[in-house]
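Note that this is a predicted model, so its numbers are computed, not measured. The chains referred to below are lettered A, B, ... by the order of the sequence lines, with proteins before strands, and numbering in each begins at 1.
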2 protein chains.
Amino acid sequence: MKKSIGAITIVFPTPVFVVGTYDKENKPNAMVAAWGGICCSDPACVSISLREATYTYANILCKNSFTINIPSEAYIKETDYFGTASGKNEDKFASTGLTPVKSELVDAPYIKEFPLVLECAMLHAVKVGLHTLFIGQVKDVKVEEWALTEGGFPDIEKIKPMIFNPANRTYYGVGKYLGDAFSIGKKK
Amino acid sequence: MKKSIGAITIVFPTPVFVVGTYDKENKPNAMVAAWGGICCSDPACVSISLREATYTYANILCKNSFTINIPSEAYIKETDYFGTASGKNEDKFASTGLTPVKSELVDAPYIKEFPLVLECAMLHAVKVGLHTLFIGQVKDVKVEEWALTEGGFPDIEKIKPMIFNPANRTYYGVGKYLGDAFSIGKKK
């Protein structure tokens, strides 16, 4: 029996994207977005949705660039801090000791210590309501060498990304392998 | 040391959204979208990105409606089948034995057996490239009563949603609780 719980924003999973930008004086900033995901395969694009009140919102419009950085579980405290403080008042890289690296492809910094990063050029900004959806074209994906599979792709079990649970605002890890897609259901 | 792996579509996690629609003859269909996520808090909106070649693409434009259905791990085979077959050739509800329930709020079916569903009215369609991003306004969220927390929200540990790993096209479960957001990083 299903119960109606209203028009709220709950899906499982939502990501923990750390968004890297520069402000107009080229000070690096990082914030957390759980509203986002891949939105096109060709060209490769990813979307994030931000409130206009965030420091990152103005930074993206200024530089037309952002990075998506996927933190490992080990960086849960730094990541949560990125999601609670504002770049308007604090230098979040100085506070955490994490290292912004200037992208050579877009005008935004990525985070050296995080294992998987996407460098994105802003393609579209769509005002939806409280949030504006920014679509970024992925110019490159960079992965720590220790985090690659033998086939040369990012290994989810080595990277240990986090999941955000919007129902009670908690972080979860990735669990066990369940099956191969485009395969396990073929016999239906 | 980071290695460049090119402009590809890999982030962790991506969701396993089963998208419910009716075609112009009101035949229910379900497909899987891993490109999507919440995109606005007010009004509550969710986005999914689809190729024009899919049956669902035309259905959404015809009915201006879709549902997002979150399967439990137990439905991995049915879910994967929804992602491999096309509604152009097959009646996927008949094949799986799952039950389409007509939404009273939008012109789309949700899946009775899946524990968490969102009923969405299409607000915007943004052509990005190979994929078009559809933004749907959430009209209601419905949850199986057994899947609720004591506080009345969907319980991720009861629902056991799946995660899609686009790097090697596999499904994973949700792992362990790691910490509270807007809290664990406050001492940084």
Looking just at side-chain N and O atoms, do [X] and [Y] make a donor-acceptor pair shorter than 3.5 Å?
X: D107(B); Y: S65(B); answer: no
X: D180(A); Y: Y171(B); answer: no
X: T132(A); Y: E52(A); answer: no
X: W35(B); Y: T14(B); answer: no
X: E119(B); Y: T67(B); answer: no
X: S95(B); Y: Y81(B); answer: yes
X: E90(A); Y: Y55(A); answer: no

What part of [X] gets closer than 4.5 Å to chain B, counting heavy atoms only: side chain, backbone, both or neither?
X: L133(A); answer: side chain
X: F17(A); answer: side chain
X: K3(A); answer: both
X: I8(A); answer: both
X: L118(A); answer: side chain
X: I76(A); answer: both
X: V143(A); answer: both
X: F114(A); answer: backbone

Between [options], which residue shows the highest count of heavy-atom pairs closer than 4.5 Å to chain B?
options: D42(A), V11(A), I38(A); value: I38(A)
options: P154(A), C45(A), P115(A); value: P154(A)
options: C39(A), C120(A), G97(A); value: C39(A)
options: N168(A), L130(A), L50(A); value: L130(A)
options: S47(A), A44(A), C40(A), S49(A); value: C40(A)
options: V128(A), I48(A), V46(A), D155(A); value: V128(A)

Tell me if a side-chain donor or acceptor on [X] pairs with a main-chain N or O of [Y] at a distance below 3.5 Å.
X: H124(A); Y: I135(A); result: no
X: K142(B); Y: I5(A); result: no
X: N69(B); Y: V18(B); result: yes
X: E144(B); Y: M1(A); result: yes
X: K186(B); Y: T84(A); result: no
X: D80(A); Y: F182(B); result: yes

Report yes if the side chains of [X] and [Y] come closer than 4.5 Å at any heavy-atom pair, otherwise no.
X: T96(A); Y: Y75(A); value: no
X: T170(B); Y: I156(A); value: no
X: S4(A); Y: V141(B); value: no

Checklist entry - For V101(B), which fellow cluster members are found when Ile, Leu, Val, Met, Phe, Trp and Tyr are connected by side-chain heavy-atom distances below 4.5 angstrom, either directly or through intermediates? => result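 Y110(B), V117(B), listed by chain and number.
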
Item to check | K112(A) atom NZ, over 12 foreign heavy atoms within 6.0 Å | outcome: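 No, NZ of K112(A) has 12 or fewer neighbouring heavy atoms, counting only those of other groups under 6.0 Å.
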
Checklist entry - Just wondering, more than 12 heavy atoms not from K176(A) lying within 6.0 Å of its NZ? => result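 Open.
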
Highest number of heavy-atom pairs under 4.5 Å with chain A: which of [options]?
options: P13(B), P15(B), P43(B); result: P13(B)
options: S41(B), G129(B), A167(B), G83(B); result: S41(B)
options: D140(B), T9(B), T79(B); result: D140(B)

Checklist entry - Non-hydrogen atoms of chain A under 4.5 Å away: do they reach the side chain of V126(B), the backbone, both or neither? => result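 For V126(B), side-chain heavy atoms alone lie under 4.5 Å from chain A.
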
Checklist entry - Does R51(B) count as lying over the ring of Y57(B), i.e. NZ or CZ under 6.0 Å from the six-ring centre, within 45 degrees of the axis? => result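 No; the conditions do not both hold, so R51(B) does not lie above the ring face of Y57(B).
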
Checklist entry - Which class fits the ring pair F82(A) and F93(A): parallel under 30°, tilted 30 to 60°, perpendicular over 60°? => result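 F82(A) vs F93(A) ring planes: tilted.
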
I need the contact set between [range] and chain A: heavy-atom distance under 4.5 Å, sorted by residue number.
range: residues 22-33 of chain B; result: none
range: residues 145-152 of chain B; result: E145(B), L148(B), G152(B)
range: residues 157-166 of chain B; result: E157(B), I159(B), P161(B), M162(B), I163(B), F164(B), N165(B)

Item to check | E104(A) and K102(A): CA distance, side-chain angles, deciding distance, side chain to side chain contact (heavy atoms under 4.5 Å, CB included) verdict | outcome: CA-CA 6 Å; E104(A) 293 179 359; K102(A) 186 170 171 39; over 6 Å; no

